[in-house]
Protein chains: 2
Amino acid sequence: MPTMTASQRRARAKDEFDAFLASCPSRQLLDVVANKWVCLVLAALADGSLRHGELRTRIAGVSQKMLTQTLRELERDGLVTRTVTASVPVRVDYELTDLGRDLQQVLQGLKDWAERNMAQILENRAAHAALS
Amino acid sequence: MPTMTASQRRARAKDEFDAFLASCPSRQLLDVVANKWVCLVLAALADGSLRHGELRTRIAGVSQKMLTQTLRELERDGLVTRTVTASVPVRVDYELTDLGRDLQQVLQGLKDWAERNMAQILENRAAHAALS
DNA sequence: CTGTATCCCCAGAGATACTG
DNA sequence: CAGTATCTCTGGGGATACAG
């Protein structure tokens with residue numbers, strides 16, 4: 001029964017391959033931090049806990065949906081804590097855990113690099129566009 | 001003429017807002033490095049130049065299309081150089097520029113962090129899943 | 001070997017409206 | 001205020017075929 005066998009084999013191979021990839025630590029971290037909003041939330045929380053609404057204000061451009069979604073991920077991964085204060089209205093604070101703060105330090109390195117070298121990159125980009 | 005005015009205002013506001021955001025250096029860098037393939041290519045080139053095909057082999061899972069596309073971006077931004085050796089068959093080598101090497105150093109910090117702490121994150125994730 | 005051109009699909013992200 | 005639930009739609013990215 002050759003029908004579909006080729007594509008099935010490919011699908012199978014791909015699955016095994018994906019499983020292999022999924023076991024690489026740095027790729028796993030990439031899946032977490034190679035995400036705009038994750039980086040921005042961690043940066044926003046760098047200097048203290050913030051409420052949901054404060055985060056929304058600080059991180060210009062984030063939709064309410066993406067913010068909540070990102071916070072859920074970070075909470076699940078033990079990078080931020082979520083504290084609910086039962087009052088009216090409800091108050092929810094988010095704060096970096098030790099692990100989260102540690103990761104943020106590393107990300108801060110990236111931010112510093114950006115501030116030092118982004119201009120150069122833009123310059124290269126412009127030069128490249130000019131002669132093309 | 002109130003018709004469409006509200007949505008037009010919103011669209012206008014969004015454009016201005018996007019323009020504002022686009023001027024932030026760290027966000028600009030995020031647009032570059034918050035990309036799986038960019039990180040992986042830079043990592044692959046960390047210890048020397050590689051040919052197109054070698055990159056393809058080293059970076060498991062990258063499609064030919066995404067590899068070329070990523071390399072074009074990196075070249076445009078002055079992070080890698082592309083050297084064509086006219087022969088049969090053609091040989092093309094890619095190598096980090098000084099700027100690219102510098103950025104890679106910072107990214108390496110992320111990789112190191114991943115190797116140290118990814119297990120902890122996975123543990124947190126599992127614990128969180130267990131009690132939900 | 002290296003790279004371009006096409007087609008196509010679906011996950012991701014925004015918009016909107018509603019609940020505790 | 002904080003969060004959930006849907007709907008929609010685009011564009012990123014894989015597969016494929018072809019070219020220098």
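The side-chain heavy atoms of A/Arg125 and B/Val32, taken from C-beta on, include a pair separated by under 4.5 Å. No side-chain heavy atom of B/Asp102 sits less than 4.5 Å from a side-chain heavy atom of B/Leu96. Here the side chains of A/Glu73 and A/Arg76 are in contact, with some heavy-atom distance below 4.5 Å. Residues B/Val38 and B/Thr70 meet the side-chain proximity criterion, which asks for heavy atoms closer than 4.5 Å.
Between B/Glu75 atom CD and C/dG3 atom C1' the separation is 13 Å, expressed in whole Å. Here the P atom of nucleotide D/dG11 and the CG atom of B/Asn35 are 17 Å apart, to the nearest Å. One atom, CG of A/Asp31, and another, C1' of C/dA11, lie 14 Å apart when rounded to the nearest Å. Atom pair B/Glu54:CD and C/dC1:P shows a separation of 11 Å (rounding to whole Å applied). One interatomic measurement links the two molecules: CG of A/Leu67 to C1' of C/dA15, which rounds to 16 Å at whole-angstrom precision. Between A/Leu71 atom CG and D/dC1 atom C1' there is a gap of 14 Å when expressed in whole angstrom units. Atom CG of B/Leu50 is separated from atom P of C/dC1 by 15 Å (rounded to the nearest Å).
Screening residues 40-59 of chain A for side chain to side chain donor-acceptor pair (under 3.5 Å), with sequence neighbours left out, gives no hits.
B/Ser26 contributes no side-chain N or O that, together with a main-chain N or O of A/Lys111, makes up a donor-acceptor pair within less than 3.5 Å.
Less than 4.0 Å separates DNA chain D from no heavy atom of any residue of residues 78-96 of chain B.
Counting any heavy atom pair closer than 4.0 Å across all strands shown, A/Arg56 reaches no nucleic acid atom. As judged by a 4.0 angstrom heavy-atom cut-off over every strand, B/Gln69 is placed among residues making no nucleic acid contact.
Regarding contacts with the backbone of C/dT2, a side-chain N or O of B/Arg51 is found under 4.0 angstrom from either OP1 or OP2.
Each of A/Met66 and B/His52 has a nearest nucleotide on DNA chain C; the 5'-most of these lies closest to B/His52.
Side-chain atoms of B/Thr68 lie closest to C/dG3 of the nucleotides D/dT4, C/dG3, D/dG14. Comparing atom distances between the A/Gln64 side chain and each of C/dG14, D/dG3, C/dG3 picks out D/dG3 as nearest. When the nucleotides C/dG14, D/dT4, D/dG14 are ranked by their closest atom to the side chain of B/Trp37, D/dG14 comes out on top.
Taking B/Trp37 as the reference, nothing meets the side chain to side chain donor-acceptor pair (under 3.5 Å) condition, with sequence neighbours excluded.
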